Structures are given as C-alpha cells and as structure tokens.
Amino acid sequence: MTHQVRAVVARGKGAPVSLETIIVPDPGPGEALVKIEACGVCHTDLHYREGGINDDFPFLLGHEAAGVVESVGEGVTDLAPGDFVILNWRAVCGQCRACLRGRPWYCFATHNAKQKMTLTDGTELSPALGIGAFAEKTLVAAGQCTKVDPTASAAAAGLLGCGVMAGIGAAINTGNVGRGDSVAVIGCGGVGAAAIAGANLAGAAKVIAVDIDDRKLETAAKLGATHTVNSKETDAVEAIRELTGGFGADVVIEAVGRPETYKQAFYARDLAGTVVLVGVPTPEMKLELPLLDVFGRGGALKSSWYGDCLPSRDFPMLIDLYLQGRLDLDAFVTETIALDEVEKAFERMHHGDVLRSVVVL
Ligand code: APR
Ligand code: ZN
Ligand code: ZN
C-alpha cells in the first residue's frame with residue numbers, strides 16, 4: 001500500500017518551496033511510517049533549498065519533528081503503532097569504528113529508510129537529513145524514532161530533534177558544564193538559547209549571554225541567563241572577563257559560526273577552560289591566531305555535532321525535565337504555522353525575527 005499526503009518540497013536551487021502531493025510507501029523491513037504532528041523550521045532546511053548541501057533536488061524538507069507511529073515494517077520490535085516519537089537524524093549503526101570505540105555520537109554510518117518517497121510522477125524525493133517531516137506522513141528507519149512521554153506537546157518535543165538538542169548538548173554533553181561553573185554563550189538564536197538552558201540544567205552559577213540583537217538577549221534572560229551583553233555596544237571578551245572576576249568563563253559556547261565570534265570564544269575562556277564550537281562556519285572562513293596563545297592558554301577546544309547526543313538517552317530525559325517544568329521548551333516556539341507557510345517562515349528566520357517557527361499538523 002502507499003499513502004498520498006501533502007508535503008513541502010524544494011524543487012530547485014533557490015526556488016521557493018511548494019506544497020505538493022507525495023507518495024509514501026508502507027514501511028519496509030526495519031522502517032517505520034510516522035504521522036507527523038509538528039516539525040520546526042531549521043536553517044538547514046533553507047540551506048537544502050539553496051543548494052548549499054548538495055544538488056539532489058527535489059528535497060522533501062523538514063527534520064525537527066515529533067509524531068505518532070502509524071505502522072512498522074518487518075523486524076521492528078521496539079516500536080508499535082500509536083507510540084509518540086521524536087525523530088532523529090542519527091540512528092547509530094553500532095558497528096562502525098566510532099560506535100565500537102564507545103563514541104556513537106560520531107557515528108556517520110547512520111540508518112535512514114531505504115524505500116523512496118516520490119512525487120506523483122514517480123520522481124524520487126531526497127528527504128532532508130534522512131527525515132523529510134514537513135509532510136503529513138514520512139518514512140524513516142525505526143532507529144530514527146525515539147519514544148517519549150506522549151503527554152508532551154508535539155511542537156515542543158520536535159525541537160529536540162535538531163537545534164535545541166544541539167544547544168543543550170553543547171553545554172551538557174560536549175562542554176561538560178558542571179555545578180558552579182561560569183558559562184558564556186556567544187550567539188543566542190535557537191541553538192545558543194538552548195545552550196543557556198542546558199548550562200542552567202547542569203548547575204552553572206553564572207550564565208553570560210552575548211548577542212548583537214537585544215530581542216535575543218531578552219529571551220536568553222527568560223531561559224536563565226544571569227547576565228546579558230550586547231556585543232555591538234560592548235567588547236564581548238572584556239565584558240565576559242569583567243563578569244568572571246577578570247579570568248574568563250570556564251566554558252564558552254560559540255553558537256554563531258563566524259571567525260570573529262570563534263575568536264571571541266577563544267579569548268573569553270579562563271586559562272584551562274573549554275571552548276565549545278557549535279556554530280557552523282562556511283568553507284571559505286578562516287581563523288588566524290598566535291600559536292603562543294593556542295599553546296599557552298591550555299584547556300580544550302571542542303566542536304559539537306548534534307550536541308553529541310544519543311537520542312535514546314537524551315530525548316526521554318529532556319522530555320521528562322520539560323514535563324516537570326524544569327526545561328522551558330515552549331519558550332523556543334515563537335509561532336506555530338501551517339504547512340503552506342514554510343516559505344514565509346524562512347523569511348522571518350532570515351530576518352532574525354524568530355527562535356523557531358513550528359509547523360503543526
Ligand atoms: N556576535 C554575536 N551574536 C551574533 C553575531 C555576532 N557577531 N552575529 C550574529 N549573531 C547572533 C544573531 O543575532 C542570532 O541571535 O547569532 C544568533 C544566530 O542565531 P540563529 O540565526 O537563530 O541560528 P541558530 O539556529 O541558533 O544556529 C546558530 O549553530 O548549529 C549551528 O548551523 C547553526 O551555525 C548555526 C548556529
Ligand atoms: Zn556507527
Ligand atoms: Zn536542523
């Protein structure tokens with residue numbers, strides 16, 4: 001059997017996305033068909049649309065989603081119809097070198113559904129990050145589904161599937177923020193704001209939010225930043241040093257992805273402190289640093305992929321914290337929109353007007 005559903009498709013480089021009817025097959029072995037309830041709009045979706053990832057158009061966009069399992073394929077034993085799940089783009093293989101060495105968050109042999117979703121004329125779709133969830137239903141590998149408490153709102157839960165997990169994980173998994181630490185977060189969009197929430201969960205004593213947009217600093221304060229710095233008006237490194245007794249922060253999280261903010265992060269950390277890079281630069285960006293500073297400051301320079309998360313470990317835990325009122329995922333949802341409003345949401349994202357627009361189905 002196949003399913004005809006409505007979905008958001010990017011047909012060509014830079015062209016506006018369109019709402020299309022697509023054909024979704026029933027799940028094959030190891031696969032699950034998921035009825036999508038909510039899917040956040042992420043920068044990576046726009047990046048796909050602009051051809052910045054690859055040229056495998058048409059893309060089925062959307063990858064920050066939660067929904068309900070409709071049916072499962074042969075051999076799937078740990079999921080059943082009716083399960084409420086968050087989708088992930090890293091279903092670890094368990095067999096590669098990274099997995100075998102106990103670092104599955106660096107598994108690049110992740111599983112996606114093998115069967116193809118298509119347009120009505122048979123053209124194969126490329127699902128964004130192996131998910132494709134701006135659709136009423138999508139097909140994924142069973143390992144891309146993590147069961148969580150079904151009482152959570154789908155709009156909030158879906159955000160853990162990408163940007164919010166990247167930020168929280170940068171603080172708690174990669175940065176290893178500990179009780180009493182001082183933490184600075186440079187760039188307080190969706191990812192940086194989540195890093196602030198993560199630093200708080202980990203027990204940081206001081207959380208300094210840095211951004212050039214006062215609106216973002218306001219949200220940062222709501223999510224638990226103890227200090228805010230507008231780096232358009234004030235030198236970020238000096239301000240962070242001043243707020244930490246002249247030393248610099250124990251952990252600095254960079255969530256912009258630009259040379260000047262990488263540099264600020266590098267110098268804003270205390271001697272032997274940790275810099276966590278979660279902002280993704282473009283291929284041509286370069287950073288020049290005196291080697292003596294690299295040598296002399298000690299500590300650690302780390303980058304964080306998907307918050308170094310393990311969905312099966314982290315998603316249920318974070319949903320529990322959300323339901324207990326200890327993690328305000330709702331604060332990330334600036335607006336909920338319909339499937340046909342994704343193009344407009346890209347525009348608002350481009351202007352920095354939103355933390356997250358979330359399509360609710
Ligand atoms: N200094 C400080 N903040 C800055 C600067 C700067 N020079 N330039 C931009 N910003 C702020 C913006 O004002 C915005 O609040 O950085 C934030 C970026 O946020 P978003 O555009 O919402 O992006 P986000 O989804 O948070 O992702 C940030 O993390 O995972 C990566 O690919 C992602 O590189 C991107 C980064
Ligand atoms: Zn692996
Ligand atoms: Zn994303």
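Whatever order the structure lists them in is the order used to number ligands and atoms, beginning at 1. This structure is a prediction, so every number in the text was calculated from the model and none was measured.
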Problem set entry | Ser231 to ligand 1, any heavy atom closer than 4.0 Å | yes
For this session: Considering the heavy atoms of Val278, write down every atom of ligand 1 situated less than 4.0 Å from one of them.
Result: 29 (O), 30 (O), 31 (C)
For this session: Please say whether Val191 places an N or O atom under 3.5 Å from an N or O atom belonging to ligand 1.
Result: yes
Problem set entry | Any N/O pair His43/ligand 1 closer than 3.5 Å | yes
For this session: Check if Gly352 has a non-hydrogen atom at a distance under 4.0 Å from any atom of ligand 1.
Result: no
Exercise. Of all heavy-atom pairs between Asn112 and Ala141, which one has the smallest distance, and what is that distance?
Worked result: C-CB, 3.7 Å
Seminar exercise, completed: Rounded to 10°, the NE2/His63 to the Zn ion (ligand 3) to SG/Cys162 angle comes out at 110°
Exercise. Hey, does the Lys NZ or Arg CZ of Arg269 hover above the aromatic six-ring of Phe266, less than 6.0 Å from the centre and inside 45° of the axis?
Worked result: yes
Problem set entry | CD (Glu284) with more than 12 external heavy atoms under 6.0 Å | yes
Problem set entry | Atoms in ligand 1 with a heavy atom of Gly279 nearer than 4.0 Å | 29 (O), 31 (C), 34 (O), 36 (C)
Exercise. Is there side-chain contact between Phe84 and Asp149, with heavy atoms separated by less than 4.5 Å?
Worked result: no
Exercise. Side-chain contact, heavy-atom cut-off 4.5 Å: Val276 with Glu254?
Worked result: no
For this session: If you have a sec, work out which protein heavy atom is nearest atom 5 (C) of ligand 1 and how many Å separate them, to one decimal?
Result: Ile212 CD1, 3.7 Å
Problem set entry | Ligand-side contact atoms (ligand 1) for residue partner Thr261, heavy atom cut-off under 4.0 Å | 1 (N), 6 (C), 7 (N)
Exercise. How about Met349 and Ser357: do any of their side-chain heavy atoms sit closer than 4.5 Å?
Worked result: no
Exercise. Going through the checks in order, is the side chain to side chain contact (heavy atoms under 4.5 Å, CB included) test met by Trp305 and Arg90?
Worked result: CA-CA 10 Å; Trp305 272 102; Arg90 186 191 285 140; 3.8 Å; yes
Exercise. Which of the atoms in ligand 1, numbered in the order shown and given with their element, are less than 4.0 Å from a heavy-atom of Gly187?
Worked result: 3 (N), 16 (O)
Exercise. Atom 22 (O) of ligand 1: which protein heavy atom is closest, and how many Å away?
Worked result: Gly189 CA, 3.4 Å
For this session: Consider every N or O of Val210 and every N or O of ligand 1, then say whether any pair is closer than 3.5 Å.
Result: no
Problem set entry | Gly257 touching ligand 1 at heavy-atom level, < 4.0 angstrom | no
Exercise. How long is the span from the OG1 atom in Thr334 to the CZ atom in Arg356, to the nearest 0.5 Å?
Worked result: 9.0 Å
Exercise. Are any non-hydrogen side-chain atoms of Leu159 and Val358 less than 4.5 angstrom apart?
Worked result: yes
Exercise. Ligand 1 and Asp213, any nitrogen or oxygen pair closer than 3.5 angstrom?
Worked result: no
Problem set entry | Closest protein heavy atom to atom 32 (O) of ligand 1, given as residue, atom name and distance to 0.1 Å | Val280 CG2, 3.6 Å
For this session: Answer yes if the ring centres of Tyr306 and Trp105 are under 6.0 angstrom apart, and no otherwise.
Result: no
For this session: Among all protein heavy atoms, pick out the one at the shortest distance from atom 15 (O) of ligand 1; state its residue, atom name and that distance to 0.1 Å.
Result: Asp211 OD2, 2.7 Å
For this session: Using non-hydrogen atoms of the residue, decide whether Ala255 is closer than 4.0 angstrom to ligand 1.
Result: yes
For this session: Under the side chain to side chain contact (heavy atoms under 4.5 Å, CB included) rule, what do Ile253 and Ile186 come out as? Steps first, then yes or no, please.
Result: CA-CA 6 Å; Ile253 298 167; Ile186 301 178; over 6 Å; no
Seminar exercise, completed: Checking heavy atoms under 4.0 Å, the part of Cys188 that sits near ligand 1 is backbone
Exercise. With the Zn ion (ligand 2) at the center, what angle do SG from Cys99 and SG from Cys93 span, rounded to 10 degrees?
Worked result: 120°
Problem set entry | Pairwise distance NE2(His43) to NE2(His350) - rounded to 0.5 angstrom | 9.0 Å
Exercise. Relative to the heavy atoms of Gly190, which atoms of ligand 1 are at a distance of less than 4.0 Å?
Worked result: 22 (O), 26 (O)
